[in-house]
2 protein chains.
Amino acid sequence: MQPDRRDRRRLEAREEIKDTARALLAEQGAAGLSLRAIAKRMGMTAPGLYHYFGSINDLITALILDAFTQLAEAVEKADADVASRGGAERLVAVAHAWRRWALDHPIDFQLLYGSPIPTYEQPTDTTYPAARRSFLVTASIFAQAIECGEIDLPEEYRRLPPEIARSFDALTGLEGHDLPPHALYLAAISWARLHGHIMLELFHLIQPVIGDVDALFAHEVNALIRQVGFTPSQ
Amino acid sequence: MQPDRRDRRRLEAREEIKDTARALLAEQGAAGLSLRAIAKRMGMTAPGLYHYFGSINDLITALILDAFTQLAEAVEKADADVASRGGAERLVAVAHAWRRWALDHPIDFQLLYGSPIPTYEQPTDTTYPAARRSFLVTASIFAQAIECGEIDLPEEYRRLPPEIARSFDALTGLEGHDLPPHALYLAAISWARLHGHIMLELFHLIQPVIGDVDALFAHEVNALIRQVGFTPSQ
DNA sequence: TCGTTTTATCTAACACTGTTAAAATTACGC
DNA sequence: GCGTAATTTTAACAGTGTTAGATAAAACGA
């Protein structure tokens, strides 16, 4: 027997469904996403899609996983492009790539971090590993920078609260558990700062306060780099 | 003529609709919100609600405006409770009140900052003034702290990028335009940092990295206070 | 008190949504 | 060509927001 052909066909159909879903999402926003609309555009009917996805939630989850991967690849590529430079420059590159991806794919980004579909409940155990991948890029840079002595930890980050240090022990088994606690901690707070700026910008909430959001973000990334203890370059 | 009675009755009906919407939202999440469900619980039918709200979007907008006000009041109260203390302590109180409100009202908070309803498009011109109110609490504290000399601005925040300084001029007319640029800037970046932490926590994305989110938040607020230049207390 | 007018609510209908069951079609191996 | 398994369709159910038109209720003037 030769199951390849049918299996491949099945995978292709899944991809086509996701692609049309993404197209609809891009054209009409989250409101335009519906099984019937996807099916119609593909020249079939809605119940037919149930042979490829158990429900629309499963489809959305698949889209989310893809988007997380896409974000991670964008971030990893940005890091790789400046891999020869120091940790500070790599972090700056990663931060801007992260924001760039969010601004270029606002619906996907809200899909990842805003759960804009009311009936949809994100299966965190499935999506979290995908979300973790981007985070690990940042954490790895911090880890390397700490090891190389590029970072002179300021007082407020030198000694972590004992509750937090303790919580790192629970990470055993997860990818990245071998990274030093300070790297994980600095990556977490950097992520949160980054994320806050991007979300407020995506929802047009910070533009009325700070008109030039590009300058704001660039300035804050630089401030972050200094505040975590990178010695000012040249 | 005596339009009071009818007008009051009309306002009461609007309030009752919003209250049942909030109850439904709290009980079943964003997916449970529907005109028919609201109407059924109130003992009437869905089209009847159209005499009080032009559409379900108008209703959601009203809920959002109320929620923004509620958040602002919580934040203002927290500030007022420690009004006699210094700026640093006031900021810490405000930050924790902000997070507390978000954690206690997750659906409302996502309504404000996550637009979880796909068909809903937020009329930013209407909602922004309400959103601004909480922000102004923080900005005012910074303004006062700067004026009183409580803040020794670090190098990265002393001289703002010219594009940003310029964008503040466009604020003329808006409430808060009389605040010094540094206060607005510091408030904006503080807001973003705060917001990022809260959002990641609400979506359970940061717990797998930092188990003790309470400690993380408290620690980061303290770090923020120092990094914006508050001289360490005692 | 009797109309009249305004306000409020209902019924019926339309075009959607996700989902299920059963029937019909297509494709594949023998 | 036949039988089996994989796909896809039709029909239906229970929802959704929304509109139009009829109906009920309240308020007002004579």
Side-chain angles (χ1 to χ4, degrees), chain A residues 1-18 20-21 24-25 27-64 111 115-123, chain B residues 1-18 20-21 24-25 27-64 111 115-123:
Chain A
M1 80 173 188
Q2 188 195 11
D4 284 349
R5 191 155 143 53
R6 263 212 307 258
D7 276 14
R8 207 183 53 214
R9 165 117 185 63
R10 195 181 165 84
L11 280 178
E12 279 174 8
R14 269 182 72 103
E15 282 305 315
E16 190 185 344
I17 293 171
K18 288 194 291 182
T20 50
L24 283 169
L25 227 35
E27 287 170 28
Q28 311 173 23
L33 189 67
S34 82
L35 288 180
R36 283 182 160 91
I38 295 169
K40 179 184 261 184
R41 180 165 293 199
M42 291 177 61
M44 57 187 296
T45 56
L49 302 180
Y50 278 79
H51 270 249
Y52 301 98
F53 293 95
S55 72
I56 198 173
N57 270 19
D58 289 4
L59 170 56
I60 295 171
T61 301
L63 292 175
I64 288 179
L111 217 56
S115 85
I117 285 97
T119 69
Y120 177 71
E121 195 76 26
Q122 201 170 132
Chain B
M1 78 172 186
Q2 187 193 12
D4 284 351
R5 196 162 135 51
R6 265 212 307 259
D7 277 14
R8 206 183 54 214
R9 164 116 183 64
R10 195 181 166 81
L11 280 179
E12 279 175 7
R14 270 181 72 100
E15 282 305 316
E16 189 185 347
I17 292 171
K18 289 195 289 182
T20 50
L24 246 23
L25 227 36
E27 288 170 26
Q28 310 173 24
L33 188 67
S34 83
L35 289 180
R36 285 183 159 92
I38 296 169
K40 177 183 264 184
R41 181 166 293 197
M42 290 176 62
M44 58 188 295
T45 58
L49 303 180
Y50 278 79
H51 270 251
Y52 301 99
F53 293 95
S55 72
I56 197 173
N57 271 18
D58 289 3
L59 169 58
I60 294 172
T61 301
L63 292 176
I64 288 179
L111 218 56
S115 84
I117 285 98
T119 71
Y120 177 71
E121 195 75 24
Q122 202 171 129

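Throughout, protein chains are lettered first and strands after them, A, B, ... in sequence-line order, and every chain is numbered starting at 1.
- As a whole-Å value, the separation of A/Leu33 CG from C/dG18 C1' is 12 Å.
- Out of D/dG17, C/dT19, C/dA8, the shortest distance to the side chain of B/Ser34 is found at D/dG17.
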Test side-chain contact (heavy atoms from CB on, under 4.5 Å) on A/Leu49 and A/Leu59 and set out the steps.
CA-CA 10 Å; A/Leu49 302 180; A/Leu59 170 56; 5.9 Å; no
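- Taking both residues in full, the closest heavy atoms of B/Gly32 and B/Leu24 are given as O-CG, 3.8 Å, listed atom of the first, atom of the second, then distance.
- In this structure, A/Lys18 and A/Leu63 approach most closely via the heavy-atom pair O-CD2, 3.8 Å.
- Between A/Arg9 and D/dA6 there is no side-chain polar atom (N or O) within less than 4.0 angstrom of OP1 or OP2.
- Judged purely by atom type and a 3.5 angstrom limit, A/Arg10 uses its side chain to pair as donor or acceptor with the backbone of A/His51.
- Separating the CG atom of A/Leu49 from the P atom of C/dG18 is a distance of 10 Å, rounded to the nearest angstrom.
- For the pair B/Arg8 CZ and C/dT7 P, the computed distance is 17 Å after rounding to whole Å.
- Between A/Asn57 atom CG and C/dT17 atom C1' there is a gap of 13 Å when expressed in whole angstrom units.
- Whole-Å rounding puts the B/Arg10 CZ to D/dA27 P distance at 15 Å.
- B/Arg36 contributes a side-chain N or O that forms a donor-acceptor pair with the base of D/dG17 under 3.5 Å.
- Nearest nucleotide to the side chain of B/Ser55, out of C/dC10, D/dT18, C/dT19: D/dT18.
- Under the 4.0 Å criterion applied to side-chain N and carboxylate O atoms, B/Glu15 and B/Arg8 are not assigned as salt-bridge partners.
- Atom-to-atom, CE of B/Met42 to P of C/dC10 comes out at 10 Å; the value is rounded to the nearest Å.
- Comparing B/His51 and A/Pro47 against DNA chain C, the residue whose closest nucleotide sits nearer the 5' end is B/His51.
- The side chain of B/Tyr52 has C/dT9 as its nearest neighbour among C/dT9, C/dG18, D/dT8.
- Remark: C1' of C/dG18 and NZ of A/Lys40 are 16 Å apart, rounded to the nearest angstrom.
- Minimum atom distance to the side chain of A/Tyr50 is reached by C/dG18, of the listed C/dC10, C/dG18, D/dT18.
- In this structure, the nucleotide among C/dT19, D/dT18, D/dT7 sitting nearest to the side chain of B/Ala46 is D/dT18.
- In this structure, A/Phe53 reaches neither bases nor backbone, as no heavy-atom distance under 4.0 Å exists between it and the strands shown.
- Nucleic acid contact class of A/Thr45 (heavy atoms, under 4.0 Å, all strands): base.
- Remark: P of D/dG15 and CG of B/Leu35 are 16 Å apart, rounded to the nearest angstrom.
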